[in-house]
Amino acid sequence: MTKVTRESAEGLPKVELHVHVEACISGDTIEKLAGELDDPMIRPKPELFRYGSLAEFLSICECWVDLLRTEEIAEQVAYVAARLMHEDDIVYAEVFTGPRYRVWLHDHVQIEAMCRGFARAHQDGFTDCYLIPSISREQLPEWAMDIVDRMVGIDQVVGLSPDGNEAILGRTSEKIRKGFRTRRRSRHGLKRTLRRILGSVGGVSDDLNFLDLDRINHCVRAIEDPELVEHLAERRVPLRICPTSNVITELHDSITNGLIDAFYRAGVPVTVNSDHSTRRT
């Protein structure tokens with residue numbers, strides 16, 4: 001059997017199932033947009049991608065996402081994200097976006113613009129990307145329903161995911177269950193995925209019960225509850241784990257901590273993902 005090394009793995013065709021388009025924006029692009037829009041940079045470019053916690057990352061990210069003020073900018077950001085992933089030999093990607101961060105564009109406008117960017121990039125030979133918009137746990141249920149209604153029928157939208165810092169917001173799954181159930185009844189069949197980083201183990205159980213999930217992103221704290229791990233294995237709910245993000249958010253000290261192997265040996269389906277582009281400098 002051939003030993004897999006970092007070098008050999010980097011050259012293999014890959015699938016990316018958890019990456020955020022907002023986290024694929026390069027420092028050069030942020031600096032360029034800030035200059036064109038006459039908007040001061042929150043940090044110097046070399047410091048943009050250095051953060052020590054989830055809260056710090058979200059705070060900084062919201063500032064550069066605020067620069068996506070036109071359809072043309074949103075479309076080009078998606079196009080470049082697909083090109084960057086192509087450089088990492090990613091052949092297919094499902095890419096998250098957070099409409100709640102947009103104050104300059106209506107939700108459906110920016111979603112459609114990003115889908116156009118992905119379609120154009122694929123025509124040019126870059127990564128085949130599809131979009132998963134997120135529903136904010138902080139917003140009213142009616143806002144979530146409006147997002148779902150507008151997404152249905154857009155060919156390059158393949159999923160739906162809640163978003164927000166659940167460590168602060170608490171157990172909010174029942175609040176958004178109607179939007180997920182509407183999706184389930186839709187003939188378009190959007191997949192139901194969930195982002196769980198710092199939330200409680202009890203919150204994961206709520207999500208499974210209320211939202212009828214197809215997969216969960218992160219969810220590394222599930223390892224603390226053997227019964228929950230067994231439940232995930234029985235239902236074959238895949239976890240999309242992002243080891244580098246676990247280190248950035250200070251959940252773990254190292255990406256080589258045996259966590260993925262523990263889930264795998266327990267029978268839980270696991271994929272390894274980036275959460276962000278590796279080519280943002």
Side-chain angles (χ1 to χ4, degrees), residues 1-20 23-24 49-58 85 88-96 132 161-163 165-168 171 173 191-209 211 213-280:
M1 180 180 295
T2 304
K3 182 178 179 180
V4 177
T5 64
R6 180 186 179 93
E7 289 73 24
S8 63
E10 285 179 345
L12 291 173
K14 291 177 281 290
V15 170
E16 169 69 84
L17 296 176
H18 187 148
V19 62
H20 295 260
C24 292
F49 306 121
R50 296 176 183 172
Y51 25 74
S53 68
L54 174 61
E56 184 182 5
F57 163 73
L58 290 175
M85 284 186 271
D88 280 332
D89 296 297
I90 296 169
V91 296
Y92 174 87
E94 294 182 1
V95 187
F96 291 81
I132 300 179
S161 175
D163 191 11
N165 192 335
E166 63 270 23
I168 296 174
R171 298 164 75 162
S173 296
K191 292 295 183 181
R192 298 144 298 188
T193 183
L194 182 84
R195 180 173 174 270
R196 270 280 170 194
I197 303 179
L198 301 175
S200 67
V201 172
V204 177
S205 298
D206 284 355
D207 296 329
L208 289 168
N209 292 331
L211 304 182
L213 299 172
D214 294 298
R215 70 189 195 209
I216 306 179
N217 300 293
H218 298 294
C219 198
V220 292
R221 290 196 59 196
I223 202 68
E224 301 169 15
D225 186 339
E227 291 186 7
L228 178 56
V229 172
E230 184 178 354
H231 186 48
L232 291 168
E234 288 176 353
R235 289 185 52 178
R236 303 295 294 168
V237 177
L239 304 185
R240 310 313 196 196
I241 295 179
C242 305
T244 54
S245 290
N246 296 339
V247 174
I248 289 172
T249 56
E250 300 182 326
L251 274 172
H252 301 136
D253 295 329
S254 169
I255 63 172
T256 57
N257 59 4
L259 179 72
I260 292 174
D261 186 59
F263 278 119
Y264 177 76
R265 291 181 181 277
V268 179
V270 174
T271 64
V272 179
N273 306 275
S274 69
D275 214 5
H276 56 80
S277 170
T278 61
R279 300 175 182 267
R280 297 185 301 172

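Contact of the Asp89 side chain with the Pro13 side chain is not registered, since no non-hydrogen atoms from C-beta on lie closer than 4.5 Å. Val19 is listed as a side-chain neighbour of Met85, based on a closest heavy-atom distance under 4.5 Å.
Of all the heavy atoms in Ala233 and Ala266, the pair that sits closest is CB-O, 3.4 Å. Across Leu239 and His218, no two heavy atoms sit closer than the pair CB-O, 4.3 Å. Taking each heavy atom of Leu232 and Ala222 in turn, the nearest pair found is CD1-CB, 4.0 Å. Heavy atoms only, all atoms of each residue included: Val237 and Val268 are closest at O-CG1, 3.9 Å. Across every non-hydrogen atom of Gly11 and Lys14, the tightest pair is N-NZ, 4.3 Å. The two residues Phe263 and Ile241 make their nearest non-hydrogen contact at CD1-CD1, 3.8 Å.
By the 6.0 Å contact criterion, CD on Glu234 is enclosed, its count of non-hydrogen atoms from other residues, nucleotides or ligands being greater than 12.
Checked against Glu94 for a side chain to side chain contact (heavy atoms under 4.5 Å, CB included), the options Leu17, Asn273, Val15 give a single hit: Leu17.
Note: Thr244 OG1 to His276 NE2 = 3.5 Å, rounded to the nearest 0.5 Å. The NE2 atom of His18 lies 9.0 Å from the CD1 atom of Ile132; values are rounded to the nearest 0.5 Å. Between the SG atom in Cys242 and the CD atom in Glu16 there is a gap of 7.0 Å [rounded to 0.5 Å]. To the nearest 0.5 angstrom, Phe57 atom CZ is 7.0 Å from Asp275 atom CG. One distance of note links CG of Leu12 with CG of Asp88; it measures 12.5 Å at 0.5 Å rounding. Rounding to the nearest 0.5 angstrom, the gap separating the SG atom in Cys24 from the CZ atom in Phe96 is 12.0 Å.
Residues satisfying the side-chain contact (heavy atoms from CB on, under 4.5 Å) criterion with Pro238, sequence neighbours excluded, are Arg215, Arg240, Pro269. Every salt bridge (charged side-chain N to carboxylate O under 4.0 Å, His left out) that Asp261 has, sequence neighbours left out, goes to Arg265. Considering only residues two or more places apart in sequence or on other chains, Glu56 meets the side chain to side chain donor-acceptor pair (under 3.5 Å) condition with Arg43. Legend: residues meeting ring-ring contact (aromatic ring centres under 6.0 Å, His included) with Tyr92, ordered by chain and number and at least two apart, are Tyr130.
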